[in-house]
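Down below is the structure, laid out as structure tokens.
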Protein chains: 2
Amino acid sequence: MVIGMLFGEGKKTLGEQAYEIIRENILALRLKPGQTVYESEFSTMLNTSRTPVREAVRALHIEQLIDVLPQRGMKIALISERKVEETRFVRESLEVSAICKIVDQWEPVQRKYQDLYRALTSNLQSQKEVIQNGDAVQFLQADEAFHRLLLSAIGNATLVSVVSQMRGHLNRVRLLSLQEIPYTEGLVREHEQLLEALQSKDRDRATSILSAHLSRVSEDIQVVKDKYPDYFTD
Amino acid sequence: MVIGMLFGEGKKTLGEQAYEIIRENILALRLKPGQTVYESEFSTMLNTSRTPVREAVRALHIEQLIDVLPQRGMKIALISERKVEETRFVRESLEVSAICKIVDQWEPVQRKYQDLYRALTSNLQSQKEVIQNGDAVQFLQADEAFHRLLLSAIGNATLVSVVSQMRGHLNRVRLLSLQEIPYTEGLVREHEQLLEALQSKDRDRATSILSAHLSRVSEDIQVVKDKYPDYFTD
DNA sequence: TATTGTATACTTGTATTCAAGTAAATGTAC
DNA sequence: GTACATTTACTTGAATACAAGTATACAATA
């Protein structure tokens, strides 16, 4: 009946709130890949009826983060290497297209790009700070914010939303690999290089850095797959 | 209670069936942009309860094809020039990336690409036949099939699905512009040129043809917007 | 012991009921 | 006639009730 009455709470419906909460719990691996779950669990957990839970669960099902077994229950989707590669490709295509557009439009004198530059450097700073306490979740949030800042610059909300949907399928691998091999310094370095390429309007350099940056997950998944075999399928 | 008991009927849920039916009616403009609709309408129309309809409507709302006005009703989403441009950009990025991958992998001796070539030429043939009776909906279906064949070749189901979601926001403009200015011959010609470029493994030509091909909608929308002003917003 | 039929206790899928908000129609005072 | 309060008829949002499929436990039987 009341899920998040605590803080501000825009007029989101209970179903929308449930969606966000459950999704976040899946991506943070608090709900384990392969784990069996039931609508009634979420109902009592969130202190609401099955109806809003159902709405959330259907959306997550469409997003392929939850597998529904009719009349039997649901399972948190296993991580699929194929799906990871598919979403990685889509994400890379879109982010590369976006960065090209930004480089082409980049005019250091314009207020818009000064603000963007400031925001990005500020974000880079907090990335470095976050590294110290070694919290993978926190770093991932900062990383996501960095990419989101860049993408938002081209003013294409649909693209931002598609990319963040793709991210949902990459996040769990990233999370596991980060706490396995903490190469966060390298990632931050690449962010810096990307920003440099942007400033110097070096289109080719920007795209090649970004491509390499986003391709890491394809290598990491192999390592993580061996360490957590029952989180994976195919 | 029974929506499509008629034909084969895979074990889709009523909600999924309702989703497909309503979506198809929106894209075919049988439900007019801006038209007010109610859950109960669809309920009686589909002879089912509000629950499956609700499931369908929520999905369509997430897809931004339906606007929900809490406690007041729903409206079929108006065509937004901004949204059209956003989805066009996403689609172009993804299809261009896909065609690049295909060109790079293209080996005319491989069975896989022989089959693809045959399928594409066969589709081109039916495009030409469809032109004769001047049915815009039929042509759009053939066009969609052509692009889907190409995209499917890279074996990325996620990409195919994202593109088809983007198409949902372009389809209505295409439909209107086709019955306004029937330049279908030009479109078919471009399909042929694309196929030629593919055969000759001319990457740059393929991408430039495809880009131009997919950019048409940006020009068409201006014409259509004047003809059907109350279908549009912004 | 092995097998099979059956009751039972779950699940999700669907229908229905209830709550709460909106807007237009209606009535009333001035 | 006009402004304003109130009723009323609708809507979606949420909760509950019901239907139907699934898997397990277990007893009956060979």
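Predicted, not measured: the structure shown is a model, and the values here were computed from it. Letters A, B, ... mirror the listed sequences (proteins, then strands); counts begin at 1.
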Distance-only side-chain donor-acceptor flag, B/Q222 / B/D226, under 3.5 Å
no
Without decimals, in angstroms, what is the distance between B/M74 CE and C/dT22 C1'?
16 Å
For B/K75 and C/dT22, give me the distance from atom NZ to atom P, rounded to whole Å.
16 Å
Rounded to the Å, how far apart are B/E39 CD and C/dA15 P?
14 Å
note: A/R58, atom CZ; C/dT14, atom C1'; distance rounded to Å ~ 11 Å
Short side-chain N/O contact to C/dA15 OP1/OP2 from B/T48, under 4.0 Å:
yes
Could you identify which residues of residues 62-71 of chain B place a heavy atom less than 4.0 Å from some atom of DNA chain D, listed by residue number, or say none?
B/V68, B/Q71
Check every atom of C/dT14, D/dA15, C/dT22 against the side chain of A/P52 and return the nucleotide holding the closest atom.
D/dA15
Kindly indicate, with the supporting measurements, whether the criterion side chain to side chain contact (heavy atoms under 4.5 Å, CB included) is fulfilled by B/R216 and B/L187.
CA-CA 9 Å; B/R216 286 218 183 194; B/L187 292 175; 4.0 Å; yes
Please state how far atom OH in B/Y38 lies from atom P in D/dC10, giving the value in whole angstrom units.
11 Å
Between D/dT11, C/dT22, D/dA14, spot the one nearest the side chain of B/R72, thanks.
C/dT22
Taking the nucleotide of DNA chain C with the nearest heavy atom to each, does B/R50 or B/E55 sit closer to the 5' end?
B/E55
Checking side chain to side chain contact (heavy atoms under 4.5 Å, CB included) for the pair A/T13/A/E55: CA distance, chi angles, key distance, verdict?
CA-CA 10 Å; A/T13 130; A/E55 186 179 320; 4.3 Å; yes
Whole angstrom is fine here: how far is it from CG in B/L46 over to P in C/dA15?
11 Å
Give, for atom CG of A/L27 and atom CD of A/E24, the distance between the pair rounded to the nearest 0.5 Å.
7.0 Å
Could you check A/L31, A/L60, A/I76 and say which one makes a side chain to side chain contact (heavy atoms under 4.5 Å, CB included) with A/L65?
A/L60
C/dA15 base / B/T51 side chain donor-acceptor hit below 3.5 Å:
yes
Go through B/Q35 and B/R30 one step at a time and tell me if the side chain to side chain contact (heavy atoms under 4.5 Å, CB included) criterion holds.
CA-CA 10 Å; B/Q35 178 179 347; B/R30 283 187 286 273; over 6 Å; no
Rounded to whole Å, the CD-C1' distance (B/E16 to C/dT14) equals 14 Å
Once side chain to side chain donor-acceptor pair (under 3.5 Å) is applied, do any residues pair with A/R23, and if so which ones, sequence neighbours excluded?
A/Y19, A/E63
